[in-house]
Amino acid sequence: MSPIYRNRLALVALLLGLVLAGAACRKDEGPERLARAEASYAALVERGVPPKDPAWDAVIAELESVPRDSKARPEAERRLAVLRELRSTPLPRRPLSRPGVPDGGSPSLDEHGHPMDGHAHPR
């Protein structure tokens with residue numbers, strides 16, 4: 001074999017190795033993005049923010065930004081599906097009272113939703 005051929009072969013092998021090493025070293029940003037979305041998710045749940053509130057848009061955008069080839073993508077997809085389901089489902093009506101709470105836990109309202117002064121009915 002000629003020295004030029006060996007040098008070319010070595011150069012091709014070196015370049016191929018560098019390309020493969022670069023691809024293998026590429027950092028997966030998915031887990032970091034998922035962690036940020038989970039932190040925002042937990043904060044909104046803790047504050048009791050309803051699913052249709054615009055504050056959830058940032059969480060959805062963060063989940064959607066998880067790369068498709070990331071190992072965190074299946075979890076992001078699962079959470080996105082849950083959020084989309086919650087946003088499309090109407091919330092149940094708020095109860096006028098809660099059992100076991102003094103005065104029902106809410107201002108006294110009649111069956112039409114009007115405030116009651118003491119026990120007198122509105123006119």
Side-chain angles (χ1 to χ4, degrees):
M1 247 194 248
S2 72
I4 294 174
Y5 180 75
R6 274 190 256 144
N7 287 341
R8 284 185 185 170
L9 188 59
L11 182 61
V12 169
L14 178 65
L15 288 176
L16 183 61
L18 288 174
V19 168
L20 291 175
C25 292
R26 195 180 107 214
K27 186 177 177 191
D28 184 5
E29 296 178 5
E32 291 174 12
R33 292 181 183 187
L34 181 62
R36 284 194 304 262
E38 286 177 343
S40 300
Y41 183 99
L44 291 173
V45 168
E46 182 70 28
R47 289 187 359 227
V49 178
K52 293 184 181 181
D53 191 283
W56 286 98
D57 293 344
V59 175
I60 291 171
E62 191 72 46
L63 289 170
E64 287 174 339
S65 74
V66 173
R68 297 228 180 258
D69 61 343
S70 171
K71 64 181 178 182
R73 186 62 187 202
E75 180 63 21
E77 289 286 344
R78 188 183 70 76
R79 292 194 183 243
L80 278 168
V82 169
L83 280 173
R84 288 181 179 133
E85 177 70 25
L86 288 172
R87 286 185 137 201
S88 66
T89 304
L91 294 175
R93 291 184 54 196
R94 183 174 173 214
L96 296 177
S97 65
R98 295 179 298 187
V101 177
D103 295 330
S106 64
S108 295
L109 303 174
D110 66 8
E111 64 273 4
H112 303 289
H114 302 289
M116 294 177 54
D117 299 331
H119 292 288
H121 292 282
R123 297 177 186 167

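Just so it is clear, the model here is predicted, and its values are computed rather than measured.
Under 4.0 Å is where a charged nitrogen must lie from a carboxylate oxygen, and between R33 and E38 no such pair does. Of the charged side-chain nitrogens involved, at least one lies within less than 4.0 Å of a carboxylate oxygen, so that E64 and R84 count as a salt-bridged pair. Comment: R87 engages D57 in a salt bridge, judged by a side-chain N to carboxylate O separation of less than 4.0 angstrom.
With rounding to the nearest 0.5 angstrom, the OG atom of S40 is 9.0 Å from the CG atom of L63. With rounding to the nearest 0.5 angstrom, the CZ atom of R73 is 6.5 Å from the CG atom of L80.
Side-chain contact between E29 and S70: absent, with no pair of heavy atoms (C-beta onward) separated by less than 4.5 Å. The side-chain heavy atoms of E62 and S65, taken from C-beta on, include a pair separated by under 4.5 Å.
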inquiry  = Between L44 and R47, is the side-chain contact (heavy atoms from CB on, under 4.5 Å) condition met? List the steps.
reply    = CA-CA 5 Å; L44 291 173; R47 289 187 359 227; 3.8 Å; yes
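Note: the hydrophobic cluster containing W56 does not contain V82 (ILVMFWY, side chain heavy atoms under 4.5 Å, direct or indirect links). Put simply, V59 and V45 are part of the same group of oily side chains (I, L, V, M, F, W, Y) that touch within less than 4.5 Å, one to the next.
Closest approach of G30 and V66 over heavy atoms only: CA-CG1, 3.8 Å. In terms of heavy atoms, P31 sits closest to K71 at CG-CE, 3.9 Å.
Of the possible donor and acceptor atoms, one in the side chain of S88 sits under 3.5 Å from a partner among the backbone N and O of E85.
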